[in-house]
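Quantities reported herein were computed from a predicted structural model and do not represent experimental measurements.
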Amino acid sequence: MMAFKAPYISLLLVSGLAIAGCDRTPEEGRGTESGHARPAEVGASASSAVEAPSRGEFSLQEISDLIAQGDFQRADTVIRSMLSGDPSNAPVLFMAARSAHGQGKLDEAIESLKLIPPEHPEAGFPAMGQAADWLLDADRLAEAEVALEAMLDQYGDLAPVHRRLADLFNSQARRIESAEHVRALIRLGDVTEKELLSLTTLSVPYHDQLSDENEPTPASQNAPSSIDMRDLARAKEMLIQRNLEPASVLAQRLREQFPQSTAVAALEGRVYEALQRDDALRGWIASLPAGIEREPEYWTTLGTWMLRSGEPEPAIRAFCEAVQLDPTDRVAYLRLSEALAAVGEIDAAERVAARKTLLADAWQLALNVGLHRESRSGDMRLLAETLDQLGRPWEALSWRMVLAHESGRLEDAMPELIAAREALLQSDTEAAKSDRLCGVDPSNWRMPDRASLAGDSATMVASREIGIPPSQQRSIRLVDVAAQIGIDFRYHNNREPEAKRLRMFQVNGGGIAVLDYDRDGWMDFYFCDAGGRPNDAHDSYPNRLYRNLNGTATAEVALASQSDDRSYGQGVTAADLNQDGFTDLVVANIGENLLYINNGDGTFTRTVIDGSEAWTSGCVCGDLDGDALPEIVEINYIDDESAFTTECWGDGFDCSPRIFGACQDRLLKRNGQGDWVAMDSVAPSALKPNYGFAGIIANFDREHGNDVFVSNDTKDNFFWVSRTRDETTPYVIDNQAELRGCATGDLAQPQGCMGVTGGDFNRDGKLDFCVSNYWNEPSNLYIQGQRGFFTDSAAQFGIAAPSRETVGFGIQAVDLDRDGWLDLSVLNGHVFDPAENGTPEVPFRMLPQLFQGGPRGFTLVEPDHESDDPTASFWTTPTLGRTLVRTDFNRDGKPDLVANSLDSSVAVLANLTDTGHWLRLELVGTASERDAVGAEVVVTCGDQTFHQWRLAGGYMGANDPVIDIGLGASDRVDNMEIHWPSGNIQSFADVAADMHYLVIENDERLHVPK
């Protein structure tokens, strides 16, 4: 989040409102400062606050001159002499304080100021203000806080004092306390625009004082040599940036230094929960200071912990407590909606989710206003309307006042604004507070039991600690054999020689599909190409199809097979669309999308998909309505012609997709005439425009039919869940990403989501998925807990920190070493050269990453840059990585990878690992759709159980359709069950491992392909 650059405007000055009390002096309870007070304005000098005494040996001015000249000895002599005759002389006491302060004797200076009675008509207020300012300058924050609060107690509502307290609390990330003082400034009619902006979201640091939340924290900030309460803001900033390990270290140091601070304790718990360290959380909750219940972050931590641990009921109560304390916390509202949905309170969950959406809208609008974007006036008007809907009318009125001033109609708007203010003064604020809960009654839900949480409750076992002994990790070896087998393809994103000078449409890469198009038993390779003009079906390099010749060579056959499309290629998928046993292709372009229907004779018939003139990132196919026929999901990206011409380089360029119009996805069904038309069983929530990148189809929740997850760039993801509607339409697709926990990251922030892959990462028998993200945004590892509900567990499973400083695209989950645990492979590379925008420390080309899976999560395999082993070269060469798919191209039973990039030839990574045992299953549906997308396989070997699914989709590509299972040390399968999408279940006992089987629905035999 960028630091706000809005002007520092006092609404009292721009409006000219004569609000009651504005002219009162301190002794009447109100100052006259305009809101621009600096320290000297709060703590004014005594010589200006009171008249000098009658002339004696020295005047106050002469004493002041001595202090200014550094002649403290002479000044002190004079001061002592004058005080000996009049110990309570306020002006001289002020001079004594100034002299002591000039000599570095702060305590002595403060004591002198304390001798001046607060009720002194001229010197009391300046003395208290000067003491507060000196304490602030000396970083004695707690004492300064006490001094400023005492000024409010003594003199009433003073705008400069409220402002100083707001700044003080904001500097320490004590945002709830700061907000109370900003609200006081609003009621006094003396609030600045920055202060208004600070109220938008209180659960994040005050970004006007901190660095960009999307920028990496410098190493020097990770471990400050000394600690004060302002480091609480730094720790919270690290949390927001997902820089969790340094945040944890800093939070622990703060807790040691300030053990009784509830704000520090609450933040420490929040960091531990972000890291999902249950042992640390148990220790934390057993040592909390008194008064912790007043911190909303404490309740958010408890709620998130409870929800992650499968206890939504007490989580609901905790989140209710949190949002009553902080009604701006998007995370708490999002998690509250998830918890309500998990217990079946769908209506309440949707109301809460709608409020969270309003909060997100307010945050984005405030950001736009603060950055002075062209839409500032319109955004300000919408912001005021949104704040009204959120029950925050004082903020809304203040923004309308700023808008009236900027638009030059303040005089005309004044009567209406004054009337609105008077109405608010008479209104019932309790009604607005009740709206915070969206109709949820907290008393219906039990409180979290702190005593049980502090113990080692059986219900609080971390999801990855599932009791399976760790396996001995093998060294994974993958070597590029593309040239050896005759594949020489390289994707062209443009024809220009300068790879750094890219436009928006040239950065996403090209698709790869693995398919056996000729049904000879060997997987073939189809590559999308581009390079020409977008929306031109004849201007780019042709797509390429390589026929696999027994795993040792290939032949390029695109022209002969009539599949050499010359559109600007993006993604591609493979599916048997007409259920004839031959795999077809769906090619996604910037422009018309194409079907290549397999004729069964080595050729394809080209067909344009009607209405597909958009920018489509990729397509994914599977049965979505339960009729045993595949549908097509077109995942669309940008709908804005300017994206094809905007130059994305040079100082200050901003080619985020969000500056362009978003595009609506399409879900297509084949009708009785053979045409592909829009599905009618899709809820409106699934059809909102977005920036779609990748999709994956499976029956995630094992209910009804298949579901679809779509990763969206910079906006909330989609999770289209199938649910029943009526007898004529078995399933309807409805977006429930927010309610199911996978719309955003774990801090409720949209991310730049690109690739997606799925599997059972913790081997609890439920389908999880992993999403690769943009720079400074760790990958998401969505672990399924309660059926159909997910928790982002990237930190717990060890991939958050290593993925944070990457831009991830293609990602694959497959057990490369066959130890029974899925591994993760990720291709990385930036979209535009950061050096072109003045940030050369951020890399353009990036290394791919390999995470080896195990019972305790993932371990990043560090590349050996000194190795002469040819298998190391792929992992030690930075590229602009994009599409990644998996296959077993040489049929040796070991999964291989195929990788594409913007700046190098495609790599075919043969797996040379010394592996454990395995099983590969090719499924053919009969009652189900032929490709059997959504099928689940459950394999039992002794006391070990393995689950795998027939998934469709990924980042702009299609994997080998075979279900691939690593079995570790098990050389036989005791039992194997196939759960077909139709509902049929087939079982096979005593199955030999290390085999490839063909399984046909309702056929009791296992077939071994030739």
S.K.: Are any side-chain N or O atoms of Q172 and backbone N or O atoms of L168, one a donor and one an acceptor, separated by less than 3.5 Å?
M.R.: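 It does hold such a pair.
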S.K.: Could you tell me whether E193 and R376 make a salt bridge, using a distance below 4.0 angstrom between a side-chain N and a carboxylate O?
M.R.: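 Counted as a salt bridge, because a side-chain N and a carboxylate O are separated by less than 4.0 Å.
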S.K.: Considering only heavy atoms from C-beta outward, does the side chain of L199 approach that of T328 to under 4.5 Å?
M.R.: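 Not in contact.
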S.K.: Do R658 and Q364 have side chains that get closer than 4.5 Å, going by heavy atoms?
M.R.: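 Counting from C-beta outward, R658 and Q364 do come under 4.5 Å.
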S.K.: Distance-only, no hydrogens or angles: does the E338 side chain make a donor-acceptor pair with backbone N or O of F789 under 3.5 Å?
M.R.: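 No, E338 side chain to F789 backbone: no donor-acceptor pair under 3.5 Å.
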S.K.: Can T300 and R270 be counted as having a side-chain donor-acceptor contact under 3.5 angstrom?
M.R.: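 R270 and T300 do not have a side-chain donor-acceptor pair below 3.5 Å.
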S.K.: Is E416 paired with R400 through a side-chain N to carboxylate O contact shorter than 4.0 Å?
M.R.: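 Here R400 does not pair with E416 in a salt bridge, since their nearest N and O are not under 4.0 Å apart.
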S.K.: How long is the gap from CG on L334 to OG1 on T744, to the nearest 0.5 Å?
M.R.: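 Here the interatomic distance stands at 5.0 Å.
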S.K.: For C663, is there any backbone N or O sitting under 3.5 Å from a side-chain donor or acceptor partner on D639?
M.R.: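 Here the side-chain-to-backbone pair does not exist.
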S.K.: How many angstroms lie between atom CG of L382 and atom CG of L365, to the nearest 0.5 angstrom?
M.R.: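 Rounded to the nearest 0.5 Å, the CG-CG separation comes out at 5.5 Å.
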S.K.: Check this for me: E411, atom CD, are more than 12 non-hydrogen atoms of other residues, nucleotides or ligands nearer than 6.0 Å?
M.R.: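 No, CD of E411 has 12 or fewer neighbouring heavy atoms, counting only those of other groups under 6.0 Å.
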S.K.: Output the distance between atom CD (E345) and atom CZ (R351), rounded to the nearest 0.5 Å.
M.R.: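 One finds 8.5 Å between CD of E345 and CZ of R351.
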S.K.: Between atom CG of D388 and atom CG of L358, what is the distance when rounded to the nearest 0.5 Å?
M.R.: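 Interatomic distance, D388 CG to L358 CG, rounded to 0.5 Å: 11.5 Å.
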S.K.: Could you check whether any side-chain heavy atom of M306 comes within less than 4.5 Å of a side-chain heavy atom of R335, counting everything from C-beta outward?
M.R.: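 M306 does not reach R335 side chain to side chain.
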S.K.: Ignoring hydrogens and angles, tell me if any N or O in the side chain of Q749 forms a donor-acceptor pair with the backbone of L747 under 3.5 Å.
M.R.: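 Yes, Q749 side chain to L747 backbone: donor-acceptor pair under 3.5 Å.
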S.K.: Has the side chain of S178 got a donor or acceptor atom that lies under 3.5 Å from a matching backbone atom of A166?
M.R.: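 Between the backbone of A166 and the side chain of S178 there is a qualifying donor-acceptor contact (under 3.5 Å).
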S.K.: Whether the T301 and E273 side chains hold a donor-acceptor pair (N or O, under 3.5 Å, no angle test) is what I'd like checked.
M.R.: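 Short answer, no.
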S.K.: Mind checking whether L390 and P327 have side chains closer than 4.5 Å, heavy atoms only?
M.R.: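 Side chain of L390 against side chain of P327, heavy atoms only: no contact under 4.5 Å found.
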S.K.: With a 3.5 Å distance limit and no angle check, can you tell me whether S261 reaches the backbone of V264 through a side-chain donor-acceptor pair?
M.R.: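 Yes, the answer is positive, given that a donor and an acceptor are paired below the 3.5 Å cut-off.
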S.K.: Is there a side-chain contact between F169 and E145, using heavy atoms and a 4.5 Å cut-off?
M.R.: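 Yes, at least one pair of side-chain atoms sits under 4.5 Å.
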S.K.: Checking side chain to side chain contact (heavy atoms under 4.5 Å, CB included) against H162, which of L148, L152, D190 comes through?
M.R.: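 Filter result, single survivor: L152.
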S.K.: Just grab all the salt bridge (charged side-chain N to carboxylate O under 4.0 Å, His left out) pairs involving residues 319-328, residues at least two apart or on different chains.
M.R.: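 Listed once each, the pairs are R317-E321.
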S.K.: So do F719 and E738 actually touch side chain to side chain, heavy atoms under 4.5 Å?
M.R.: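 Answer no - side chains too far apart.
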S.K.: With D716, which of R740, K356, K688 fulfils salt bridge (Lys or Arg N to Asp or Glu O under 4.0 Å)?
M.R.: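 When salt bridge (Lys or Arg N to Asp or Glu O under 4.0 Å) is applied between D716 and each of R740, K356, K688, only K356 qualifies.
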S.K.: Could you tell me whether the side chain of Y691 and the main chain of F660 form a donor-acceptor pair under 3.5 Å?
M.R.: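 Side chain of Y691 to backbone of F660: a pair is present.
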S.K.: Kindly say whether S203 contributes a backbone atom to a donor-acceptor pair with the side chain of D329 at under 3.5 angstrom?
M.R.: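 Side chain of D329 to backbone of S203: no pair is present.
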S.K.: Could you check whether any side-chain heavy atom of L288 comes within less than 4.5 Å of a side-chain heavy atom of R450, counting everything from C-beta outward?
M.R.: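 Yes; the side chains approach each other to less than 4.5 Å.
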S.K.: Measuring from L196:CG to I186:CD1, what's the distance to the nearest 0.5 Å?
M.R.: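 The distance works out to 5.0 Å.
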S.K.: Is it true that a side-chain atom of W299 and a backbone atom of E293 form a donor plus acceptor pair closer than 3.5 Å?
M.R.: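 The answer is yes, because a donor-acceptor pair under 3.5 Å joins these two groups.
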S.K.: Are the side chains of R164 and M151 in touch, meaning some heavy atoms are under 4.5 Å apart?
M.R.: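 They are not in contact (no side-chain heavy atoms under 4.5 Å apart), so the answer is no.
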S.K.: Examine distances only and state if a side-chain atom of S398 and a backbone atom of W394 form a donor-acceptor pair shorter than 3.5 Å.
M.R.: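 Checked: pair present.
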S.K.: What class does the angle between the rings of F125 and Y155 fall in, given that below 30° is parallel, 30 to 60° is tilted and above 60° is perpendicular?
M.R.: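 Taking Y155 first and then F125, their aromatic rings stand perpendicular (interplane angle over 60°).
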S.K.: Salt bridge check, D435 against R355: does any charged N sit closer than 4.0 Å to a carboxylate O?
M.R.: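 So R355 does not pair with D435 through a salt bridge.
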S.K.: Roughly how far, to the nearest 0.5 Å, is the CE atom of M447 from the CD1 atom of I316?
M.R.: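 With rounding to 0.5 Å, CD1 (I316) is 13.5 Å from CE (M447).
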